[in-house]
2 protein chains.
Amino acid sequence: MKTSSEAHDSEGPFRVYTPATLGAAIRHYREEAGLSQAELAERAGLNRTYLSDLETGRETEQVKRILRVLKQLGVRMTLEKADW
Amino acid sequence: MKTSSEAHDSEGPFRVYTPATLGAAIRHYREEAGLSQAELAERAGLNRTYLSDLETGRETEQVKRILRVLKQLGVRMTLEKADW
DNA sequence: TATGGATGTCCGGATATCCAGACAACGACG
DNA sequence: CGTCGTTGTCTGGATATCCGGACATCCATA
């Protein structure tokens with residue numbers, strides 16, 4: 001399968017509807033990058049507990065508010081690898 | 001210019017790097033939808049003051065944290081019309 | 001078995017956020 | 001000019017959030 005390049009399963013762009021889908025996408029890309037929560041938290045300058053909550057979708061009101069606005073406007077949020 | 005379809009200036013997808021770019025995108029789509037801040041706030045179930053702050057990029061830590069995570073992972077966030 | 005890395009989850013408190021309500025400035029339009 | 005609609009901004013105060021630190025669990029693997 002895919003004779004060309006490497007083993008880039010890439011898993012396509014992620015559509016974000018909810019805190020849970022946001023978390024899932026972040027987790028996917030973190031694992032793809034081979035980082036632990038602790039490492040990523042360190043690099044992004046935040047707490048590992050927060051990151052864990054974020055990935056499991058426990059993230060809350062803030063994000064929901066913004067997603068609600070986007071939904072009302074019929075706008076979709078997409079996350080994808082910025083493959084430079 | 002653009003002989004083809006209508007007056008769909010559409011303005012392409014928005015890349016979100018910062019609270020300010022997020023706000024600009026939201027404002028763009030709100031105006032495109034012909035809604036006032038008050039109307040959109042009402043529909044999304046939130047305060048107009050908050051929406052104003054959001055659009056002017058005064059939105060803060062929460063969003064910045066998440067954008068920091070995405071940056072570390074080399075992931076980009078895009079907003080675009082879900083043209084159904 | 002035991003040791004270590006990774007993750008989920010609980011607690012408590014400092015801190016940031018969001019809301020309501022109000023006001024000023026601006027433009028359009030009668 | 002006067003009025004209305006829209007938006008930016010301020011002030012409190014109630015509330016949600018994030019953090020550090022700790023503990024249990026699960027999975028490798030020595």
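Since this is a predicted model, take the numbers as computed values, not measurements. Throughout, a chain's letter reflects where its sequence line sits, starting with A, and its residues are numbered from 1.
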Between [N] atom [atom2] and [X] atom [atom1], what is the distance in whole Å?
X: A:Glu55; N: C:dA6; atom1: CD; atom2: P; value: 13 Å
X: B:Leu54; N: D:dT7; atom1: CG; atom2: P; value: 14 Å
X: B:Lys64; N: D:dC18; atom1: NZ; atom2: C1'; value: 15 Å
X: B:Arg27; N: D:dT7; atom1: CZ; atom2: P; value: 8 Å
X: B:Arg58; N: C:dC18; atom1: CZ; atom2: P; value: 14 Å

May I ask you to decide if the ring planes of A:Phe14 and A:Tyr29 are parallel, tilted or perpendicular, using 30° and 60° as cut-offs?
perpendicular

Side-chain N,O ([X]) to OP1/OP2 ([N]) below 4.0 Å:
X: A:Tyr50; N: D:dC19; result: no
X: B:Ser52; N: D:dG8; result: yes
X: B:Asn47; N: C:dA20; result: yes
X: A:Arg30; N: C:dT7; result: yes

Between B:Arg68 (side chain) and A:Ala44 (backbone), is there a donor-acceptor pair under 3.5 Å?
yes

Just by modelled atom types, is the B:Leu35 backbone N or O under 3.5 Å from a matching donor or acceptor in the B:Arg30 side chain?
yes

Of the candidates C:dG8, D:dG8, C:dA20, the side chain of B:Thr49 sits closest to C:dA20

Could you check which of C:dA16, D:dT9, C:dG8 has an atom nearest any side-chain atom of B:Glu61?
C:dA16

Looking at every strand, decide which applies to B:Arg48 at a 4.0 Å heavy-atom threshold: base, sugar-phosphate, or nothing.
base

Remember a base hit wins even if backbone is also touched, and classify B:Ser36 as base, sugar-phosphate or nothing at under 4.0 Å, heavy atoms.
sugar-phosphate

Find which nucleotide of DNA chain D each of B:Ala38 and B:Gln62 is nearest to by heavy atoms, and output the residue with the more 5' nucleotide.
B:Ala38

Take atom CD of A:Glu42 as the centre, draw a 6.0 Å sphere, and report whether it contains more than 12 heavy atoms from other residues, nucleotides or ligands.
no

Examine the side chains of A:Thr21 and A:Thr18 and answer whether a donor and an acceptor come within less than 3.5 Å of each other.
yes

Assert: residue with more 5' nearest nucleotide on DNA chain C, out of B:Arg65 and B:Leu51, is B:Arg65

